Amino acid sequence: MTDSISIGADRGALSDVFAEPAWLAEHLNDPGVRIVEVDVSRAAYERGHIPGAVFWNAYADLHHADYSPLDRREFEDLLSRSGLAPNDTIVFYGYGHYLGFWLMKAYGHERALVMKGTREGWRDAGRSWTTDLPKPVTSSYTLPEAEATQLMSLAALQGTLGTGDPIILDVRSDAEFAGERFWPSGATEGAGRPGHIPGAVHLHADLLRTADGAFKNAAELRQLFQDHGVVPERSVVTYCTIGIRASEAALVLRYLLGYPDARVYDGSWAEWGTRSETPIET
């Protein structure tokens with residue numbers, strides 16, 4: 001699959017992460033290449049999407065109604081309903097593509113990639129685009145038995161509070177971290193308690209990117225994390241609101257910078273901030 005992967009400035013680090021849109025366009029009819037769009041709403045997908053792409057809703061498909069993440073069996077069911085197989089190369093795109101990628105990697109699916117660029121960029125480049133909804137043939141996806149060590153549960157994270165291990169990295173906006181808003185948009189309907197996890201380090205995910213939306217180079221990223229005390233010698237768990245920005249930050253740490261122990265709390269603030277028993281700082 002080396003011909004499929006983005007070759008960028010950090011060539012070795014990017015080789016197992018990104019797929020170029022041009023390559024994906026050439027492999028749309030390859031039965032071994034599957035495409036998943038991940039977002040928080042189905043509306044944009046139904047207005048148009050990459051042909052063959054199935055849709056995952058980051059709320060309804062990847063979390064329960066109380067915002068807790070899917071367990072292993074439930075994730076297997078989602079993969080099977082989506083018609084995915086263990087040997088497929090799965091390319092994620094859309095607003096929540098990093099979360100889809102991270103979950104697949106965490107559960108042991110090696111051939112997972114993130115499409116470089118946006119869905120709008122794909123469409124505006126004149127590549128194949130459709131409103132036809134695919135009807136995936138249900139598969140029987142069985143995940144590897146190994147523990148998903150790249151994920152962290154609410155209970156496990158609670159058990160580490162006050163120990164300093166792992167570093168808890170909050171990658172939400174300044175307003176969210178300070179407790180000025182619960183949801184990124186500022187919406188109040190269904191909101192829980194605003195604030196942040198006690199002892200968390202704050203680094204806004206937007207700081208990982210340049211003005212044109214690309215990731216900063218490896219030296220800049222490494223310095224940015226180290227300036228916040230996030231060093232390779234320490235374990236780190238990232239969180240945001242529902243795991244999307246957290247997965248982006250963890251991808252940078254693990255796959256671009258080589259941090260050996262980067263995890264995601266994918267329940268994130270939507271779960272933590274709506275529980276009565278979780279401590280909160282503002």
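Please read all numbers here as calculations on a predicted model, not as lab measurements. Side-chain atoms are counted along with the backbone in the values below, which use heavy atoms only and exclude waters and symmetry mates.
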- request: In sequence, state the C-alpha distance, the side-chain angles, and the governing distance for Arg34 and Thr89, and then conclude on side-chain contact (heavy atoms from CB on, under 4.5 Å).
  value: CA-CA 6 Å; Arg34 305 303 305 278; Thr89 295; over 6 Å; no
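- Considering every non-hydrogen atom in both Arg263 and Ala250, the closest pair reads O-CB, 4.4 Å.
- In this structure the side chain of Arg119 never reaches within 4.5 angstrom of the side chain of Tyr95, judged on heavy atoms.
- For the residue pair Glu271 / Tyr265, a side-chain donor-acceptor distance below 3.5 Å is found, with atom types taken as modelled.
- Here the closest non-hydrogen pair linking His196 and Tyr239 is CB-OH, 3.3 Å.
- Less than 6.0 angstrom separates the ring centroid of Tyr255 from the ring centroid of Phe101.
- With Phe92 as reference, Trp56 is the one residue of Phe55, Phe18, Tyr98, Trp56 to meet the ring pair (Phe, Tyr, Trp, His ring centres under 6.0 Å) rule.
- Gly243 and Ser268 make their closest contact through N-OG, 3.5 Å (heavy atoms, listed as atom of the first residue, atom of the second, distance).
- Under a cutoff of 6.0 Å and an axis angle of 45°, Arg209 and Phe215 form a cation-pi pair.
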task: Kindly determine whether Asp227 and Leu203 satisfy side-chain contact (heavy atoms from CB on, under 4.5 Å), including the steps that lead there.
output: CA-CA 10 Å; Asp227 287 346; Leu203 193 163; over 6 Å; no
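- Shortest non-hydrogen contact noted between Ala58 and Leu99 is CB-CD2, 4.3 Å.
- Note: Trp183 and Tyr59 have perpendicular aromatic rings, judged against thresholds of 30 and 60 degrees for the angle between ring planes.
- A donor-acceptor pair under 3.5 Å links the side-chain atoms of His109 to the main chain of Asp88, judged by distance alone.
- Here Arg73 pairs with Asp77 in a salt bridge; the nearest charged N to carboxylate O distance falls below 4.0 Å.
- For Tyr45 and His49, the ring centers are positioned less than 6.0 Å apart.
- Minimum interatomic distance between His63 and Asp266 (heavy atoms only, all atoms of both residues): NE2-O, 2.9 Å.
- Scanning both residues, Ala22 and Arg127, for their nearest heavy atoms gives N-NH2, 3.9 Å.
- Residues that satisfy the side-chain hydrogen bond (donor to acceptor under 3.5 Å, both in side chains) test with Asp66, not counting sequence neighbours, are Ser68, Arg275.
- With Ser80 contributing its side chain and Tyr141 its backbone, the two residues share a donor-acceptor pair below 3.5 Å.
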